[in-house]
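One structure below.
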Number of protein chains: 2
Amino acid sequence: MTQEKEVYYDYLSSKNIKHSKQRENILDVFLNAEEHLTIQELFEIVKKENKNVGVATVYRAMKIFCDAGLADEINLGDGNKRYEHKYNHKIHSHLICVKCGKLIEFCDERMEDIQSDVCSKFNFEPRDRRLQIYGVCEFCKDK
Amino acid sequence: MTQEKEVYYDYLSSKNIKHSKQRENILDVFLNAEEHLTIQELFEIVKKENKNVGVATVYRAMKIFCDAGLADEINLGDGNKRYEHKYNHKIHSHLICVKCGKLIEFCDERMEDIQSDVCSKFNFEPRDRRLQIYGVCEFCKDK
DNA sequence: CTATGTGCAAATGATTTGCAACGCG
DNA sequence: CGCGTTGCAAATCATTTGCACATAG
């Protein structure tokens, strides 16, 4: 069993939440997705395997996965919430192309220094962080 | 006349957009606001001075101000879009308290280095940047 | 058996749009 | 006068919620 599933089952028992086929389907689709999908996109994929699933269930499930620490909401500025994997992933940052919407992830260890400096300055206890750089990617630049 | 207004009038003429009393009211409220207001908040304030204004006009106006480079949308994660001043402001970052919603702005020059390094690595042309650090502020920590 | 989960449809809330009237230039 | 702008209400879109039924433990 994957570590993510372990985290999920632990979370379920710690919160007295029952298992369900639908939520399990949704989790599998989410965990196997390479990209950052919207609720609608997750819903379309899940529906292919299990025709009787409502969007509401996808909303409810993603909320649980976020609480469990497996997923994280991100907002790329196109007006749609998307979800990314959180468990066991380093905090990373995003380059977002404003022309084609392409997303590049990166990680720079200097961010940690900046965060700890500014947080101690303001006596702030950090929990999470997001960095997005908007611009034009190499392919769109040439056009 | 403030620099912001100059930018605004220049933008209007460059795009063949007419002046209007309502939009001018909205711009004044936006420019005088210390905090990052939502559309609804801007709307409430404008309505006090000019009873006959519709929300739609506020939406349309803020879109123009963003295009003109005077305003910027920000999303603090509470589900509400807010607007901040953009013209002549250094790119800054936000500490956001997840308990009380308080917003602290800061600016760290090391961000520029990180941005230029990662952008040259991916051949990416940066235009704008956002950094949000979520956590608990000094006042909420003690509770 | 009992509490929780589900699908559906209706409710909500934010934002957009169509339209006839209005007003800037 | 002519075209962009406005307020209003209706339309749209994402998300949430109430409820009767299904199901896990």
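So that the names make sense, note that chain A is the first sequence line, chain B the second, and so on, each numbered from 1.
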Atom CD1 of B:I17 to atom P of D:dT6: distance rounded to whole Å?
10 Å

Does the side chain of A:S20 get closer than 4.0 angstrom to OP1 or OP2 of C:dT6 through an N or O atom?
yes

Classify the side-chain pair A:H94/A:Q132 by whether it contains a donor and acceptor separated by less than 3.5 Å.
no

Pick the closest DNA chain C nucleotide for B:K18 and for B:A56 by heavy atoms, then say which residue is nearer the 5' end.
B:A56

Would you say B:Y59 reaches C:dT16's phosphate, i.e. side-chain N/O to OP1/OP2 under 4.0 Å?
no

Does OP1 or OP2 of D:dT16 have a side-chain N or O of A:K63 closer than 4.0 Å?
yes

Select from B:K21 and B:I39 the residue whose nearest nucleotide in DNA chain C is closer to the 5' end of that strand.
B:I39

B:F65 atom CZ is separated from D:dT5 atom C1', nearest whole Å, by 13 Å

Value in whole Å for how far the P atom of C:dT2 lies from CG of A:N16
17 Å

Will you find, in the side chains of B:N25 and B:E49, an N or O donor that is under 3.5 Å from an N or O acceptor?
no

Round to the nearest Å and state the distance from A:E24 atom CD to D:dT23 atom P.
17 Å

Taking only the side-chain nitrogens and oxygens of B:R23, find out if one of them lies under 4.0 Å from OP1 or OP2 of D:dT5.
yes

Need one value for B:V55: base, sugar-phosphate or nothing, where a base atom within 4.0 Å counts as base even if backbone is also close, heavy atoms only.
nothing

Could you tell me whether the side chains of B:E84 and B:H92 share a donor-acceptor contact shorter than 3.5 Å?
yes

In whole angstroms, how far is the P atom of C:dG13 from the CZ atom of B:F43?
16 Å

Please state whether the base of D:dA14 and the side chain of A:K81 form at least one donor-acceptor pair under 3.5 Å?
no

Tell me which nucleotide among D:dA24, D:dT5, C:dC8 gets nearest to the side chain of A:N52.
C:dC8

Could you tell me how far apart B:E73 (CD) and C:dA14 (P) are, to the nearest whole angstrom?
15 Å

For the backbone of B:F30 and the side chain of B:H85, can you confirm whether one donor and one acceptor N or O come within less than 3.5 Å of each other?
yes

Whole angstrom is fine here: how far is it from NE2 in B:H19 over to P in C:dG25?
6 Å

Which side chain to side chain donor-acceptor pair (under 3.5 Å) pairs, counting each pair once, include a residue from residues 119-129 of chain B, with sequence neighbours left out?
A:K141-B:N123, B:E112-B:R129, B:Q115-B:R129, B:D128-B:R130

Whole-Å distance, B:Y9 OH to C:dG25 P, equals 10 Å

